[in-house]
2 protein chains.
Amino acid sequence: MFNHFVKQFPQLQKQLDKYAAYYHRIEVPAKTILLREGEISRRAFIIEQGSLRAWFTNKGKDITFQFFFEKEGVSSIESFRRVKPSLYSIETVEPCVVKYIHKKDADMIMKDLENIPEIREQLNDILLDRQLNYMSHFMSLIRDTPKERYLNLIKEKPQIIKRIPQHYIASYLGITAVSLSRIRNAILK
Amino acid sequence: MFNHFVKQFPQLQKQLDKYAAYYHRIEVPAKTILLREGEISRRAFIIEQGSLRAWFTNKGKDITFQFFFEKEGVSSIESFRRVKPSLYSIETVEPCVVKYIHKKDADMIMKDLENIPEIREQLNDILLDRQLNYMSHFMSLIRDTPKERYLNLIKEKPQIIKRIPQHYIASYLGITAVSLSRIRNAILK
DNA sequence: TGCATTTCTTAACAATTGTTATCGTCTGCC
DNA sequence: GGCAGACGATAACAATTGTTAAGAAATGCA
């Protein structure tokens, strides 16, 4: 909920704005961990300014699997909704201004919103969108080579290329930083 | 909806059973295409017996990205719900007995069910489960080597290893059939 | 400005995977 | 039973990616 598709639904956004008083606003430097892997998420975030990444550790290396930018909502959804330890950390990449809401307030708001059938439908649409989003990522990973995925990223999400350090992008593509550097070199011909 | 998580929700299953009359039952041989890539999905399926795969073509090769077995629900969800051309085909792997429901009937049933808050919550849970499922697949693809993914498949989904031809499994793992054969050989030591 | 840290590139070599082709085995079916 | 097609293993070679290391370039901050 409150995820990065919210911005596509102005009507829903309007509803959420009614609850603006429940949001807290903080400014944090780069590399600030907002949620640590293994902890239970008790806050959901919206980015006002800056960028975040979601990452986890595996065999001593950290692997980034998602990036977030302005106006996007961020939470460890399974941890937030189901009150379980998060499988990953959420950390600022750039210095950020973020707003957050506590779980108890979010739950209350959701109870309100779910009584409005129209809003309910939009929330369902958001859930479906997220699912299709992950599905299409998954399909791309088994279909495309790393070079194709990188070219695709340049076309589809240029802000990632411009604003995110390359070694984070490398793990997002499923390769090493060295390999991504070689791919970039090969693209220049 | 009606997906492979339904079986985890007996109460929901009970509700769906009330509408059993809307389901049609068919027996089809192996390699029968139930939905063709590019077509609009007008039916949702439940497998009574047998196995299915979801696949698409890319550069002349076909890539399988999901398998389904008994009691699981199968549909091209974005095509079925949003009335858009499907991004992939759905095809039997083994000879199957499947039940299906027409979209107009499914829509009607959903309208009924959504009025029951308890059921609504379970449907939401199902959507969230699917999302987490794809997310965890995605994380595994950028985290693990093909060999690790294959070993994981043996442990987590042995029915895939036992019942699905190897070259389908290979594309599901994001590698070629030759490479999977080599990995199997290496595992034997 | 200057320094420490982070980020990126490149090289050399090892390991893995892709490609193409061949061959043996299995399977379903008439 | 016999046949055609599907399936899987293997070989040889090309291409890609991983690993480790070193150094250059960029960045942030005191």
Side-chain angles (χ1 to χ4, degrees), chain A residues 27-33 50-51 53 55 58-64 67 91-96 140-154 160-189, chain B residues 27-33 50-51 53 55 58-64 67 91-96 140-154 160-189:
Chain A
E27 300 186 18
V28 292
K31 301 200 177 186
T32 304
I33 292 186
S51 54
R53 70 183 181 114
W55 63 280
N58 180 252
K59 296 169 199 155
K61 297 182 176 178
D62 71 87
I63 298 176
T64 301
F67 301 108
E91 181 182 331
T92 56
V93 174
E94 302 169 312
C96 283
S140 164
L141 275 168
I142 62 173
R143 181 186 61 221
D144 303 325
T145 64
K147 184 195 271 185
E148 289 171 331
R149 291 203 297 280
Y150 183 70
L151 289 171
N152 211 48
L153 211 56
I154 293 175
I160 290 183
I161 310 294
K162 292 193 189 90
R163 297 170 58 182
I164 305 288
Q166 217 164 281
H167 59 287
Y168 293 156
I169 297 177
S171 69
Y172 177 73
L173 293 173
I175 58 179
T176 61
V178 175
S179 192
L180 177 54
S181 181
R182 279 190 293 233
I183 286 170
R184 282 165 50 86
N185 186 290
I187 289 173
L188 296 176
K189 250 147 300 183
Chain B
E27 301 187 18
V28 292
K31 300 200 178 186
T32 303
I33 292 187
S51 55
R53 69 184 182 114
W55 62 280
N58 181 252
K59 297 171 199 154
K61 299 183 178 178
D62 72 87
I63 298 176
T64 301
F67 302 106
E91 180 183 330
T92 56
V93 174
E94 303 168 312
C96 283
S140 165
L141 274 168
I142 64 174
R143 182 187 61 220
D144 302 327
T145 64
K147 185 196 269 185
E148 289 170 332
R149 292 203 297 281
Y150 183 69
L151 289 171
N152 211 47
L153 211 56
I154 293 176
I160 290 183
I161 309 294
K162 291 193 189 89
R163 296 170 58 181
I164 305 289
Q166 218 165 282
H167 60 286
Y168 293 156
I169 296 176
S171 69
Y172 178 73
L173 293 173
I175 58 179
T176 61
V178 175
S179 192
L180 177 54
S181 180
R182 278 190 295 234
I183 287 171
R184 282 165 50 85
N185 186 291
I187 289 173
L188 296 176
K189 249 145 298 177

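Chain identifiers are assigned alphabetically (A, B, ...) following the order of the sequence lines, protein sequences preceding nucleic acid strands; residue numbering begins at 1 within each chain.
- Spacing between atom CD1 of I183(B) and atom P of dT10(D) amounts to 14 Å, rounded to whole angstrom units.
- The C1' atoms of five pairs define one axis at each end of the helix from dT1(C)-dA30(D) to dC30(C)-dG1(D), and these two axes lie 50° apart (to 10°).
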(request) Please assess S51(A) against I164(A) for the test side-chain contact (heavy atoms from CB on, under 4.5 Å), listing each intermediate value before the final yes or no. (result) CA-CA 8 Å; S51(A) 54; I164(A) 305 288; 4.1 Å; yes
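- Side-chain contact between I175(A) and I183(A) is present, with at least one heavy-atom pair separated by less than 4.5 Å.
- Across all strands shown, S181(A) has heavy atoms under 4.0 Å from base atoms, whether or not it also approaches the sugar-phosphate.
- The structure places CD1 of I33(B) at 8.5 Å from OG1 of T92(B), a figure rounded to the nearest 0.5 Å.
- Interatomic distance, CD of E94(A) versus CZ of R53(A), reported as 13.0 Å (0.5 Å rounding).
- Closest-nucleotide positions on DNA chain C for I175(B) and R182(A) were compared, and the one nearer the 5' end corresponds to R182(A).
- Residue-to-nucleotide proximity on DNA chain D shows that, of A177(B) and Y168(B), the 5′-proximal contact is made by Y168(B).
- Here the side chain of S171(A) pairs a donor or acceptor atom with the backbone of T64(A) at under 3.5 angstrom.
- Residue Q166(B) has a polar side-chain atom (N or O) positioned under 4.0 Å from OP1 or OP2 of dA9(D).
- One finds the CZ atom of R149(A) at 11.5 Å from the CG atom of L151(A) (value rounded to the nearest 0.5 Å).
- Residue H167(A) contributes atom NE2, which lies 17 Å from atom P of dA26(D) at whole-angstrom precision.
- If you walk DNA chain C from 5' to 3' and mark each nucleotide with an atom closer than 4.0 Å to a heavy atom of chain A, the marks span dT6(C) to dA12(C).
- Side-chain atoms of T32(A) and C96(A), non-hydrogen and from C-beta on, never get closer than 4.5 Å to each other.
- Between the side chains of Y150(A) and R184(A), at least one donor-acceptor pair of N or O atoms lies under 3.5 Å.
- Under 4.0 angstrom from either OP1 or OP2 of dA9(D) there lies at least one side-chain N or O belonging to R184(B).
- Picking from dG8(D), dT19(D), dA11(D) the nucleotide with the shortest atom distance to the side chain of P165(B) gives dG8(D).
- Between E91(A) and D62(A) the shortest side-chain heavy-atom distance does not fall below 4.5 Å.
- The interatomic distance linking E94(A) (CD) with dT27(D) (P) rounds to 13 Å, in whole Å.
- Taking atom CD1 of I169(B) as the reference point, atom P of dC7(D) lies 12 Å away to the nearest angstrom.
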